[in-house]
Amino acid sequence: MLTGAAIASAPQSEACTRVVYKGTDNLIIVGRSLDWKTPIPTNIYVYPAGITKKGNVQENSVTWTSKYGAVYAVSYDGGVTEGMNEKGLVVNGLFCKGTVYDNDSTMDRPPMSLAMFPAWLLDMNATVPEVIEKLREQDFNITGATFDGGTVSALHWGVTDAEGRTCIFEFDHGKINIYEGEDIRTLTNDPDWPSMQAINNYWKAIGGVNMLPGTVRSADRYVRTDFFIRNVEQTSEQALGVSITRSVVENASVPYLYTVNGEPNVSSTQWRTFADIRDKCYYFDLVTNPGLYYIDLKEVDLRPGAPILKIDNAKSGDLLGNATSKMKRTKGFTPMY
């Protein structure tokens, strides 16, 4: 999502769930839900490689020319929320209220708005180790714009690649804490990653077959999702794998138009996505639409010079199945720096 500079100055109400399904025959699907108190207009863009972009409007901001084409989910037509590139790298941002992006030592580094931060990672990296290397350099300072009446996006991130490697990274007062491994399957919201592992270990001792926490709060969604994603059937079939992942994410979704007053990590699910890394298909599931559609990156020209493509989800109510041919040429979105 989009962000602002001061974390403590605005209300925060985003909640999300992310899972990594590992089937057989290299089938890996990253599913996530996006939860929010009000609808977040989100459109789907496909950008080819070879486009020069910048992380902010300032002269010394991070700039790059994309090495890889990618599909982005762009909220408010101004900020990249998540996506998958042609190499199968998947990046997702989820709310984490303890996030503080900067400190005195980062302030003079080149600005990078959260509106473009996920695009930068997708454009320039093919694997999780490459992302980690870029993060450890930390030659940037996160900046951005508030949205939705002054809300600030405090996020932590999940990244998964075609080899099944995953990393979680969190900003702690300017320091980036990175957790990596091939067995990281779930991410929700706060508490931070180490604290969430302690909670999950408690429930593992009880045993998910016997009892699982059932509320829509972050820790409960994490425990429930982590149990199911590890215990569902493994398959090599794309459609079945997407269905399995979808059912796990739906189990952790928050019913539409349900909220809990005073609980910033609980808002109703607005949409869900499923990134099939092996088959390079990106599925979008808007909860107010009757169907699920997908973009097949194998069918899109991602070479430098190819057009930017878009699906306007305000007009996507009749889309079902492969919607790649329904994408329209566009000049691209205008970042909300």
Side-chain angles (χ1 to χ4, degrees), residues 1-18 32-45 53-57 61-62 72-83 90-103 106-107 109 111-122 131 135 138 140-159 168-177 187-193 218 221 254 259 263-273 333-337:
M1 291 302 303
L2 313 182
T3 187
I7 297 303
S9 63
Q12 303 156 334
S13 303
E14 181 188 352
C16 309
T17 302
R18 181 187 198 265
R32 71 84 51 86
S33 65
L34 188 288
D35 304 347
W36 188 245
K37 57 189 176 183
T38 56
I40 293 183
T42 301
N43 295 319
I44 304 303
Y45 285 81
K53 304 173 187 177
K54 58 192 307 184
N56 206 302
V57 293
S61 65
V62 179
Y72 307 143
V74 181
S75 294
Y76 298 101
D77 251 6
V80 179
T81 303
E82 63 160 50
V90 178
V91 175
N92 312 93
L94 285 73
F95 171 70
C96 185
K97 70 180 182 181
T99 298
V100 178
Y101 295 109
D102 52 25
N103 58 35
T106 68
M107 298 302 291
R109 297 174 187 175
M112 168 62 76
S113 171
L114 273 194
M116 293 300 293
F117 181 58
W120 177 57
L121 295 178
L122 291 165
V131 170
L135 293 173
Q138 202 174 351
F140 61 88
N141 183 53
I142 292 293
T143 62
T146 59
F147 73 104
D148 197 23
T151 302
V152 176
S153 278
L155 305 176
H156 58 177
W157 303 82
V159 184
I168 306 298
F169 65 92
E170 301 176 329
F171 288 84
D172 180 6
H173 295 83
K175 178 184 176 183
I176 303 178
N177 297 322
L187 181 66
T188 54
N189 312 112
D190 61 277
D192 59 27
W193 179 255
S218 175
R221 284 184 284 110
V254 181
T259 60
E263 177 50 67
N265 283 328
V266 177
S267 293
S268 59
T269 298
Q270 304 294 327
W271 48 260
R272 293 174 283 257
T273 60
F333 68 94
T334 301
M336 296 172 62
Y337 293 121

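Below, each value reflects all heavy atoms present in this structure, side chains not excepted, and no hydrogens, waters or symmetry copies.
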(message) Can you confirm whether Pro118 sits close enough to Trp120 that some side-chain heavy atom of one is under 4.5 Å from a side-chain heavy atom of the other?
(response) no
(request) Flag the pair Ser61 / Phe140 as yes when at least one side-chain heavy-atom distance between them is below 4.5 Å, and no otherwise. (result) no
(request) State, yes or no, whether a side-chain contact exists between Gln270 and Asp35 at a heavy-atom distance under 4.5 Å. (result) no
(message) For Thr188 and Thr17, which I'm curious about, is there any donor-acceptor pair between the side chains at under 3.5 Å?
(response) no
(request) Give a yes or no on whether the backbone of Gly93 and the side-chain of Arg18 come within a donor-acceptor separation of less than 3.5 Å. (result) no
(request) Please name the pair of heavy atoms, one in Trp271 and one in Ile40, separated by the smallest distance, quoted to 0.1 Å. (result) NE1-O, 4.1 Å
(message) Using side-chain hydrogen bond (donor to acceptor under 3.5 Å, both in side chains), reason through Thr273 and Glu82 one step at a time and then give a plain yes or no.
(response) CA-CA 9 Å; Thr273 60; Glu82 63 160 50; 2.7 Å; yes
(request) Taking all heavy atoms of Glu170 and all of Trp193, pick out the closest pair and write down the distance. (result) OE2-N, 3.0 Å
(request) Specify the closest pair of heavy atoms between Tyr76 and Met336, including all atoms of both residues, with the distance to one decimal. (result) CB-SD, 4.1 Å
(message) Between Trp36 and Thr38, is the side-chain hydrogen bond (donor to acceptor under 3.5 Å, both in side chains) condition met? List the steps.
(response) CA-CA 6 Å; Trp36 188 245; Thr38 56; 3.2 Å; yes
(message) When you measure from the side chain of Asn43 to the backbone of Val74, do you find a donor-acceptor pair of N or O atoms at a distance under 3.5 Å?
(response) no
(request) Considering non-hydrogen atoms only, spot the tightest contact between Met116 and Met112 and give its length. (result) C-SD, 4.1 Å
(message) Tell me whether Thr42 contacts the main-chain N or O of Ala73 through its side chain, where contact means a donor paired with an acceptor under 3.5 Å.
(response) no
(message) We want to know whether Thr269 and Ser33 form a side-chain donor-acceptor pair, criterion being a heavy-atom distance below 3.5 angstrom.
(response) no
(request) Mind telling me whether Phe169 and Phe171 have parallel, tilted or perpendicular rings, with 30° and 60° as the class edges? (result) perpendicular
(request) Side-chain contact test, heavy atoms from C-beta onward, threshold under 4.5 Å: evaluate it for Arg272 versus Leu34 and give yes or no. (result) no
(request) Any chance you could measure Leu187, atom CG, to Ile168, atom CD1, to the nearest 0.5 Å? (result) 4.5 Å
(request) Look up atom OG1 in Thr106 and atom NE2 in His173, then write down how far apart they are to the nearest 0.5 Å. (result) 11.5 Å
(message) Using side-chain heavy atoms (C-beta onward) and a distance below 4.5 Å, is Tyr72 in contact with Ile44?
(response) no
(message) Using side-chain heavy atoms (C-beta onward) and a distance below 4.5 Å, is Phe117 in contact with Ile142?
(response) yes
(request) Measure from the side-chain N and O atoms of Asn141 to the backbone N and O of Arg109, and report whether any donor-acceptor pair falls under 3.5 Å. (result) no
(message) When you measure from the side chain of Tyr45 to the backbone of Asp77, do you find a donor-acceptor pair of N or O atoms at a distance under 3.5 Å?
(response) no
(request) State, yes or no, whether a side-chain contact exists between Thr99 and Leu155 at a heavy-atom distance under 4.5 Å. (result) no
(request) Any chance you could measure His156, atom NE2, to Asn189, atom CG, to the nearest 0.5 Å? (result) 5.5 Å
(request) Find the distance between OH (Tyr101) and CD1 (Ile176) and round it off to the nearest 0.5 Å. (result) 11.0 Å
(message) Could you check whether Thr143 and Asn56, counting side-chain N and O atoms only, form a donor-acceptor pair closer than 3.5 Å?
(response) yes
(message) When you compare the side chain of Arg32 with that of Thr81, does any pair of heavy atoms fall below 4.5 Å?
(response) yes
(request) Kindly indicate, with the supporting measurements, whether the criterion side-chain contact (heavy atoms from CB on, under 4.5 Å) is fulfilled by Lys54 and Val62. (result) CA-CA 6 Å; Lys54 58 192 307 184; Val62 179; over 6 Å; no
(request) Keeping the roles fixed (side chain from Arg221, backbone from Cys16), state whether a donor-acceptor pair exists under 3.5 Å. (result) yes
